[in-house]
Student: 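Quick one: the structure is below, and I'll ask about it shortly.
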Amino acid sequence: MTSISPVERVWRYALGVAALLAIWSALATYYPTVLVPSPLETAQALAELASSGELFRQAGVSLARILVAFGISVLVGGTAGLLVGFRPRWHPLIQPAVSLAMSAPPISWLVLALVWFGTGSVTPIFTSVVVSAPVVFANVYEGVRALDPDLLAMARAYGARGRTLFEDVYLPALTPHLFAGLQVAASLSVRVGIMGELLGSDAGVGYALALSRIYLETPRVFAWVLVTVTLLALLEAGLVRTLQRRAEAWKRAR
Amino acid sequence: MAPADDPVLTMRNVSKSFPGRPVLKDWNLDVGEGEILCILGPSGCGKTTLLNLIAGLLAPDAGEIRRPARLGYVFQEPRLLPWRTVRENIAFGLKARGVREEERRQVAGRLIGHMGLEPFADHYPHQLSGGMRQRVALARALAVDPELLLLDEPFKSLDVLLRLELVRLLVEEWRISPRPIIFVTHEVQEAALVAHRVLIMRGSPAQVAGAFTLGRSPAERRPEDPDVVHFAAQLYQELLAAAQTRP
């Protein structure tokens, strides 16, 4: 397989985006605005939302909820993954719950959350956590099971315990698995969180999306979708990838 | 140097078996102050198990082991932390013992000098050759100022010249601070060069097929000395005999 240079890569990305915009524009000329608004109309809607402050208000609400949900998922899933990883006898006890959480469609958790918590912040956060935490758990658990026994024996021979053992041995060894889980959990937190707001909240990007749809303000619907994509990019590329690059800086030493 | 009155390590009637395979039965061993003990034997005769018992990585089924508190252990593979630099890897044992950062840097710096690792101090293991990695592993073991140094065929995968170079480094370190060493090896030449006493193991459960000594100090021996060559030849014969006559 031949690899391409970073510069060429960027060019090709730009080309891909341009192709997408071209197809979008073409469709928009054939269909009325209420079905497919043009990129320009979408940009105008976005600008209106930004100048009225609506965009940042709703995006702020969603981002806060997403971060809380992501944080809880990482904490709960990560801790459970570590605990069960070191005690494999617990795994069959906890796996049914994990399978249930992962295999039931997210929308069914949302319906239950609506029944239990009504509309508000808890419903989208709860739904996000139920869907994302098992992913973090599964990855961290796999990581613990895959720890190199030779390296652990070395650490034991030198008497490493507690913080040294965690910081110098476990955590760096788990990094690849952990970040694989965080990538998926980040994207799930955003997508399920917005879905939760759409059906079960009175604020946030998902709520604004639903409202725009009801009023047939399709340019705004498109604008909110772009906001959702931006939130996902912020969390995934901005937070998770940056942390991963830092944690794995040693791999790039030449 | 014979086992002293007050040995650094004692094993009394130690037994260990893995499912379906007895490895050691009623095993006794004393290692004295400053003694270099070599253990030779065919593959799979329990040499690594013996070291793991001594290091406390395995618990004996029966018997008693008295070991010093500070151990250095060099494994067959370097077993370095891939995400830590040479300096940090060397200091790992010290960090595990709660030694402060300043002192860790000092000790690691000194060993980096002794081992000729200066150009690589801030490199990561994947940037080093196999010989350099094993040098780091040896430095990590020496950094804790071990009361007993365990070496499990540490130079196995290296070529002859590199191996002799590392053996020379080891003996040089021992001359400066003569701590007891248990050196498991396949190589009769290595054993003849460094050992006060050589034990040849064989069988399952393992028995001592013979114990051999060379009086002259390891610090004065050279590979081409007649007594070293003769000792190596003797060990080779004994090892061969041990491998052929399985009890």
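Here is the naming used below: chain letters follow the sequence lines, and residue numbers restart at 1 for every chain.
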Student: Sort A:Arg163 into side chain, backbone, both or neither according to what part of it lies under 4.5 angstrom from a heavy atom of chain B.
Tutor: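 Neither part.
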
Student: With a 4.5 angstrom heavy-atom cut-off, which part of B:Pro82 approaches chain A: side chain, backbone, both or neither?
Tutor: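 When you check distances to chain A, atoms from both the backbone and side chain of B:Pro82 fall under 4.5 Å.
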
Student: Is it the backbone or the side chain of A:Ala247 that comes under 4.5 Å from a heavy atom of chain B, or both, or neither?
Tutor: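 It is neither, since no heavy atom gets under 4.5 Å.
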
Student: Return yes when atom CZ of A:Arg87 has more than 12 non-hydrogen atoms of other residues, nucleotides or ligands closer than 6.0 Å, and no otherwise.
Tutor: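 Yes, CZ of A:Arg87 has more than 12 neighbouring heavy atoms, counting only those of other groups under 6.0 Å.
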
Student: Please say whether more than 12 non-hydrogen atoms of neighbouring residues, nucleotides or ligands are located less than 6.0 Å from CZ in A:Arg9.
Tutor: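 Open: at most 12 neighbouring heavy atoms sit under 6.0 Å from CZ of A:Arg9.
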
Student: Do B:Tyr73 and A:Met154 have side-chain heavy atoms sitting under 4.5 Å apart?
Tutor: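 No - every pair of side-chain heavy atoms lies 4.5 Å or more apart.
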
Student: Okay, side chain of B:Trp83, backbone of A:Asp168: is any donor-acceptor separation there less than 3.5 Å?
Tutor: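 Yes, the answer is positive, given that a donor and an acceptor are paired below the 3.5 Å cut-off.
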
Student: Heavy-atom distance under 4.5 Å to chain A: side chain of B:Leu80, backbone, both or neither?
Tutor: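 Contact with chain A is through the backbone of B:Leu80 alone.
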
Student: With a sphere of 6.0 Å drawn around CD of B:Glu102, does it hold more than 12 non-hydrogen atoms of other residues, nucleotides or ligands?
Tutor: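 No - once you tally the heavy atoms of other residues, nucleotides and ligands closer than 6.0 Å, there are 12 at most.
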
Student: For A:Ala157 versus B:Leu57, what's the shortest heavy-atom pair and its separation?
Tutor: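 Closest heavy-atom pair between A:Ala157 and B:Leu57: N-CD2, 3.7 Å.
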
Student: Tell me, side chain or backbone of B:Arg140 under 4.5 Å from chain A's heavy atoms, or both, or neither?
Tutor: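 When you check distances to chain A, atoms from both the backbone and side chain of B:Arg140 fall under 4.5 Å.
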
Student: Rounded to the nearest 0.5 Å, what's the gap from CZ on B:Arg97 to OG1 on A:Thr164? Could you check?
Tutor: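 Reported to 0.5 Å precision, the distance equals 12.0 Å.
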
Student: If you draw a 6.0 Å radius around CZ in B:Arg105, do more than 12 non-hydrogen atoms from other residues or ligands fall strictly inside?
Tutor: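 Result for CZ/B:Arg105: open.
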
Student: Does any backbone or side-chain atom of A:Ala173 lie under 4.5 Å from a heavy atom of chain B? Answer side chain, backbone, both or neither.
Tutor: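 Its backbone and side chain both get close to chain B.
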
Student: With a 4.5 angstrom heavy-atom cut-off, could you sort out which part of B:Glu88 is near chain A: side chain, backbone, both or neither?
Tutor: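 Neither the backbone nor the side chain of B:Glu88 comes within 4.5 Å of chain A.
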
Student: Is the backbone of B:Lys95 close enough, under 3.5 Å, to the side chain of A:Tyr158 for a donor and an acceptor to pair up by distance?
Tutor: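 Here the side-chain-to-backbone pair does not exist.
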
Student: So, do A:Trp250 and B:Arg84 sit near enough that their side-chain heavy atoms are less than 4.5 Å apart?
Tutor: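 No. Closest side-chain heavy atoms not under 4.5 Å.
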
Student: Tell me whether B:Arg79 contacts the main-chain N or O of A:Asp150 through its side chain, where contact means a donor paired with an acceptor under 3.5 Å.
Tutor: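 Yes: the side chain of B:Arg79 pairs with the backbone of A:Asp150.
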
Student: Got a donor-acceptor contact below 3.5 angstrom from the B:His126 side chain to the A:Arg252 backbone?
Tutor: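 No, B:His126 side chain to A:Arg252 backbone: no donor-acceptor pair under 3.5 Å.
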
Student: If we define contacts as heavy-atom pairs under 4.5 Å, which of B:Ala96, B:Gly93, B:Gly56 has the most with chain A?
Tutor: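 Ranked by heavy-atom pairs under 4.5 Å with chain A, first place is B:Ala96.
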
